[in-house]
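These numbers come from the heavy atoms of this one structure, side chains and all, not from hydrogens, waters or symmetry mates. Below, read A as the first sequence line, B as the second, and so on, with proteins coming before strands; counting in each chain starts at 1.
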2 protein chains.
Amino acid sequence: MRSVSVALAVLEAVAEQQPVGVSELSRAMQLPKSTTQRMLLTLGQLGWIRAGAEEPTRWSLTSKALSIGSRHRGDEEIRRVALPAMHTLSAATGETVHLSVPEERRVVLIEKIEGVHPVRTHTTIGNGAPLHTTASGKAILAAMPEAQARALLVAVPLEALTEHTQTDVAALQEELVRVRRDGYAVTVGTRHPEIAAVGAAVLGTSGLPVASLSLSLPAHRFPQPLWSEFGEQVARAATECSRQLGWRPA
Amino acid sequence: MRSVSVALAVLEAVAEQQPVGVSELSRAMQLPKSTTQRMLLTLGQLGWIRAGAEEPTRWSLTSKALSIGSRHRGDEEIRRVALPAMHTLSAATGETVHLSVPEERRVVLIEKIEGVHPVRTHTTIGNGAPLHTTASGKAILAAMPEAQARALLVAVPLEALTEHTQTDVAALQEELVRVRRDGYAVTVGTRHPEIAAVGAAVLGTSGLPVASLSLSLPAHRFPQPLWSEFGEQVARAATECSRQLGWRPA
DNA sequence: ACGACCGTGTCACTGTGTGGCACGGTTTGC
DNA sequence: GCAAACCGTGCCACACAGTGACACGGTCGT
C-alpha cells in the first residue's frame with residue numbers, strides 16, 4: 001500500500017516541520033516534487049492539513065489530527081483525574097511533571113506540565129521510550145505481577161540509550177524490588193545522560209498499573225538527599241490518582 | 001488518491017469505534033471486507049493502529065496519532081499558559097472550562113477541564129463549531145478588527161444550529177459591541193438548546209485574538225444574575241493569559 | 001450438527017498513482 | 001540589471017499498485 005504509506009509519512013513530516021512548502025518537503029523525504037505536491041493537495045482536500053492564509057503555499061496541520069489524537073485510548077479518564085495531582089506536584093516542586101501510559105514494551109508520554117526553572121527538560125507528547133530506561137517505566141514494571149514484568153524484560157534484548165542504562169535483567173529485577181518497597185523509582189541518566197527522574201505507578205480498579213506520574217529534571221538539580229522527598233510526593237500523588245480510578249488498597 | 005482517502009477514513013473510523021474488528025468496520029464504512037482488512041493491516045504496519053493483546057483481531061489507535069495531534073499549531077504555548085488559569089476557573093466555579101482556538105470560520109476545542117457537577121456538558125477535544133454559535137467564537141470575533149469580523153460573518157450564510165442561534169449579521173455585530181464593552185460573551189442555547197456558555201478572548205503579542213477561554217454549563221444552572229459574575233472571572237483569567245503571551249494593554 | 005458469523009488469503013483485471021519533464025513567477029547572487 | 005536558481009504548478013504515457021468477488025478454515029450459538 002505504497003501511496004498510503006507515503007501519505008502518512010508526509011503527514012508526519014508536515015507535523016514536524018510545519019509550516020512547510022512543497023520543495024522543502026520533497027527534499028526532506030527524498031520524494032519527487034510532483035508526488036509530494038499531490039500528497040499535500042490530497043491531505044488538504046481530506047481536511048488533515050491546510051495552507052496558511054498569509055502563506056498560501058506552506059502547509060500545517062488542521063485540528064483533524066488533534067481530534068484523532070485525543071481519542072487515543074486511556075487518555076480521557078486518566079488525564080482527568082491526574083491533571084489536578086500533576087498541578088499540585090508541579091507547584092510543590094517547581095519541576096516538570098509527566099503523565100505516561102504503558103504501550104507494548106514502551107511508556108508513552110500523554111501529558112505534561114512544564115516546570116518553572118529556566119533550565120528544564122524538553123519532551124514531546126506522544127513520544128515513547130523503552131520501559132527499562134525511564135522512572136515511569138520502572139514504576140510500572142514494579143507494579144505489575146513479577147512474572148509479567150519478567151516476560152516483558154526478557155522478550156527482547158534490552159537497549160542501552162546511555163552508558164548508565166541498566167540492561168541486565170537480574171539487576172533490573174533487584175531494582176524493581178527496591179521500587180516496590182519504596183513506592184517510587186529513581187533514574188539518573190538512564191535515558192539521557194543529564195536527566196534524572198522519579199516516578200510512581202497509578203493503578204486501576206484491577207490493581208494493575210495503568211499509568212505513571214513522574215518528575216523529570218536535570219541530574220545536577222537532583223542530589224540523592226532529595227530522592228526520598230520527591231519520591232514520596234510523587235508516590236502520594238500517584239496513590240491519590242489510583243484511588244480516584246477505583247483502586248482500593250489490599 | 002482513492003486509497004489514501006480510504007485509509008484515512010478507516011483511521012478516523014477506528015478512532016471513533018475502537019476497539020473494532022474487520023467485519024464491523026467494513027459494514028460501517030460500506031467497504032468490501034478484504035479492502036478493509038488490507039487497510040487495517042497497512043495502518044498497523046505503519047504504526048498508527050494496533051490489535052489488542054487479548055483481542056488480537058480488534059484494532060485501536062496507537063500513540064502515533066497522539067503524537068501527531070499534539071503537534072497541532074498553537075497548542076504548545078497557549079496550553080501551557082492557559083492550563084493554570086483554567087484550573088483556577090474550574091476551582092472557583094466548579095464548571096467545565098474550555099480552551100478553544102480559531103481555525104478558518106470555526107472555533108476548535110483544544111483543551112478542557114471537566115466540572116464537578118454530576119450533570120455536565122460533554123464535548124470532544126478537536127471538535128469545532130461555527131464562530132457565531134459559541135461564546136468562545138463571539139469573544140474572538142469581538143476581539144478582532146471590526147472589518148475582519150464582518151468579513152468572516154458575511155463570507156457564508158450563517159448556519160442555525162438551534163432556534164436560538166442568531167443568524168442575522170447586523171444583530172450579531174450589535175452583540176459584538178456589547179461583548180467588547182463587557183469583556184466577555186454570553187450564549188444560551190445557541191449551539192445546543194440546553195447549554196449556556198461564557199467566553200473571553202485571549203490575545204497574542206499583536207493584540208489579535210489567538211484563543212478563547214470559556215465556561216460551559218447547563219442553561220438551567222446559569223440564571224442571568226450569574227452572567228456578570230462568571231463573565232468577569234473568565235475575562236480576568238483570559239487577560240492574565242494574554243499578558244503571559246506577551247500582550248500589553250494599549 | 002448445522003448455519004451464521006468471524007478473520008484470513010488468493011488472484012486476474014483495471015484504473016490509479018507515478019515521476020520525469022516543462023512552464024511561468026519570484027527571489028537570490030553577482 | 002540580468003542570469004541563474006529557486007519556488008509552486010501542471011501535464012501525460014506507462015506500469016504497477018490497489019481493488020473486490022470469492023473461497024477457506026475456525027468458532028460461536030442454537
When you check the side-chain N and O atoms of [X] and [Y], is any donor under 3.5 Å from an acceptor?
{"X": "B:T42", "Y": "B:R38", "value": "no"}
{"X": "B:T190", "Y": "B:T165", "value": "no"}
{"X": "B:S136", "Y": "B:H98", "value": "no"}
{"X": "A:S216", "Y": "A:T121", "value": "yes"}

Net bend of the helix from C:dG3-D:dC28 to C:dG29-D:dC2, end axes of five pairs each, nearest 10 degrees: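 Helix axis angle between the two ends: 40°.
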Contact pattern, 5' to 3', of nucleotides 7-25 of chain D - B, S or - by protein heavy atom under 4.0 Å: SBBB------SSBBB----
When you measure from the side chain of A:R58 to the backbone N and O of A:V20, does any donor-acceptor pair fall under 3.5 Å?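 Side chain of A:R58 to backbone of A:V20: no pair is present.
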Would a distance-only check, ignoring hydrogens and angles, find a side-chain to backbone donor-acceptor pair under 3.5 Å from A:E103 to B:T62?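 Not a single qualifying donor-acceptor pair exists.
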Contact list for residues 124-142 of chain A, test salt bridge (charged side-chain N to carboxylate O under 4.0 Å, His left out), sequence neighbours left out: A:K138-A:E175
Does the side chain of B:L153 come within less than 4.5 Å of B:L158's, by heavy atoms?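 In contact.
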Which whole-number value in Å describes the distance from B:L40 CG to C:dG9 C1'? 15 Å
